[in-house]
Amino acid sequence: MSKELITLVFEKAEKETGSTVKTRLAQHLSDILLEEYKYQISERRLRDYYTNYVEKEESTNEELRPKLLEGLCNYLGYDNYAGFVVDHPSEIEVSIGQKVEEKKGLIEKYKEAFILAFSVITITCLTYFGFVKEEQNCMIWRENHYEQTVCTGDHLEIPINALILKNFRRITEIDSLLERRKNRKELWYDKSNGKVEFFTYHGYHPENNKALKTVTDHIFKTYVLEKGKDSLEIGLSD
């Protein structure tokens with residue numbers, strides 16, 4: 001199920017971008033889904049869907065979420081998934097045996113996810129409330145960067161990470177963005193509540209904890225090069 005849908009959306013993305021690179025096609029689709037259909041999904045996730053559904057044709061693939069199905073169908077010009085299936089009946093021709101295998105795969109997936117989540121919670125609690133509480137084993141967000149600090153449980157605090165502490169910055173100056181792009185240094189961004197913010201390192205937004213996305217040519221042109229029309233909206237200063 002969904003193999004034909006995934007195939008068609010990537011084919012359309014290929015026509016729109018003029019590229020055959022899977023990563024670029026997935027990023028283009030990620031941008032379109034967020035900007036036009038208000039559905040957030042990472043480039044990596046879309047790329048994995050294409051690999052599993054189309055290239056590997058795995059029988060244990062999970063079903064796509066209804067909101068994602070609707071967004072992909074809208075992108076292809078359909079009002080909903082039902083309309084897409086009418087034109088592509090082979091989309092729902094899945095054997096009973098495949099369905100059983102899919103359910104088994106989901107059970108194993110959630111079992112592993114639970115173990116991982118429990119491990120993360122345990123380590124975090126030990127970091128905040130264990131023997132190292134009085135040491136500077138955390139870092140806290142201050143305006144546009146992280147600072148090393150004693151762990152107190154503040155909501156802007158995270159366990160210390162040397163790379164993030166050194167490299168993670170929020171950029172608010174247009175000149176800095178232009179210079180970084182000119183020097184071919186990567187940028188990441190988050191768009192929340194109508195405001196776009198740019199960062200120098202990958203990871204998660206320090207205040208709303210949303211996963212940051214890579215700045216593509218489309219995003220850079222829209223929110224930096226054409227910034228003059230909505231500078232207050234995106235929160236940048238000259």
Side-chain angles (χ1 to χ4, degrees), residues 1-103 105-106 109-110 186-196 202 210-226 229-230 233-234:
M1 183 175 179
S2 301
K3 174 184 176 181
E4 189 167 4
L5 176 61
I6 295 294
T7 300
L8 291 176
V9 296
F10 269 81
E11 287 179 353
K12 181 176 180 179
E14 182 177 333
K15 293 178 182 178
E16 291 180 344
T17 62
S19 173
T20 59
V21 179
K22 184 166 59 174
T23 300
R24 184 172 179 184
L25 299 179
Q27 186 61 64
H28 176 72
L29 290 170
S30 175
D31 292 338
I32 293 294
L33 287 171
L34 179 61
E35 296 295 323
E36 297 188 14
Y37 305 112
K38 309 305 179 185
Y39 186 86
Q40 183 174 8
I41 183 172
S42 68
E43 166 271 322
R44 175 68 178 274
R45 188 67 168 159
L46 287 168
R47 181 156 42 93
D48 287 345
Y49 280 142
Y50 185 85
T51 299
N52 295 334
Y53 280 87
V54 181
E55 295 179 339
K56 294 183 179 179
E57 299 185 358
E58 294 184 358
S59 61
T60 56
N61 281 320
E62 63 181 281
E63 295 185 7
L64 301 183
R65 294 185 177 183
K67 282 291 186 179
L68 175 57
L69 281 174
E70 182 179 355
L72 294 176
C73 291
N74 291 162
Y75 174 62
L76 292 177
Y78 293 91
D79 291 333
N80 48 47
Y81 185 60
F84 176 80
V85 171
V86 170
D87 287 347
H88 304 84
S90 62
E91 170 75 4
I92 58 174
E93 293 176 0
V94 180
S95 68
I96 298 299
Q98 287 178 318
K99 284 292 185 181
V100 172
E101 291 301 318
E102 287 176 7
K103 299 303 181 184
L106 283 175
K109 175 185 175 182
Y110 288 123
E186 286 193 271
L187 284 166
W188 288 264
Y189 79 100
D190 169 64
K191 183 177 181 183
S192 299
N193 300 320
K195 181 179 179 181
V196 177
H202 61 84
K210 288 172 56 179
L212 300 179
K213 301 179 64 177
T214 302
V215 173
T216 62
D217 292 340
H218 169 73
I219 292 297
F220 193 79
K221 178 181 178 182
T222 302
Y223 295 109
V224 179
L225 298 183
E226 298 179 2
K229 65 183 180 182
D230 56 0
E233 176 188 354
I234 67 175

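If you read the sequence from its start, that first residue is 1, and numbering goes on from there.
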Inset, instruction - Report the C-alpha separation of K22 and T51 in whole Å, then their side-chain angles, then the decisive distance to 0.1 Å, and conclude whether the side-chain contact (heavy atoms from CB on, under 4.5 Å) test is met. - result: CA-CA 9 Å; K22 184 166 59 174; T51 299; 2.8 Å; yes
Inset, instruction - Using atom types as modelled and distance alone, determine if a side-chain donor or acceptor of N80 lies under 3.5 Å from a backbone N or O of A82. - result: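 Indeed, once roles are kept as given, a pair shorter than 3.5 Å links the two residues.
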Legend entry - Within 6.0 angstrom of D87 CG, more than 12 heavy atoms from elsewhere: yes
Got a sec, which residues hit side chain to side chain contact (heavy atoms under 4.5 Å, CB included) with [X], two or more places apart in sequence or on another chain?
X    : result
K213 : Q27, S30, D31, L34, Q40, Y189
V86  : none
D190 : S192, E197, H205, N208, K210, L212

Inset, instruction - Show your working on side-chain contact (heavy atoms from CB on, under 4.5 Å) between H88 and L8 and close with a plain yes or no. - result: CA-CA 11 Å; H88 304 84; L8 291 176; 3.6 Å; yes
Legend entry - Within residues 6-41 or reaching into it, pairs that qualify as ring-ring contact (aromatic ring centres under 6.0 Å, His included) - sequence neighbours excluded: F10-Y50
Quick one: pull up [atom1] in [X] and [atom2] in [Y] and give me the separation to the nearest 0.5 Å.
X   : Y   : atom1 : atom2 : answer
N74 : L69 : CG    : CG    : 10.5 Å
Y81 : L5  : OH    : CG    : 6.5 Å
L68 : L46 : CG    : CG    : 6.5 Å
E11 : L25 : CD    : CG    : 10.5 Å

Inset, instruction - Decide, yes or no, whether a salt bridge links D48 with R44 under the criterion of side-chain N to carboxylate O below 4.0 Å. - result: yes
Inset, instruction - List the steps and the verdict of side-chain contact (heavy atoms from CB on, under 4.5 Å) for T222 and V196. - result: CA-CA 11 Å; T222 302; V196 177; over 6 Å; no
Between [Y] and [X], is there a side-chain heavy-atom distance shorter than 4.5 Å?
X    : Y   : value
T216 : E43 : no
L72  : L76 : no
N52  : I6  : no

Legend entry - salt bridge (charged side-chain N to carboxylate O under 4.0 Å, His left out) partners of E35, counting only residues at least two apart: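 E35 satisfies salt bridge (charged side-chain N to carboxylate O under 4.0 Å, His left out) with K191 only.
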Inset, instruction - Determine the minimum heavy-atom distance between C73 and F84, stating which atoms define it. - result: SG-CB, 3.8 Å
Inset, instruction - Please lay out, stage by stage, how E186 and V215 fare under the test side-chain contact (heavy atoms from CB on, under 4.5 Å). - result: CA-CA 7 Å; E186 286 193 271; V215 173; over 6 Å; no
Legend entry - Listed partners of E70 passing side chain to side chain donor-acceptor pair (under 3.5 Å), at least two apart: none
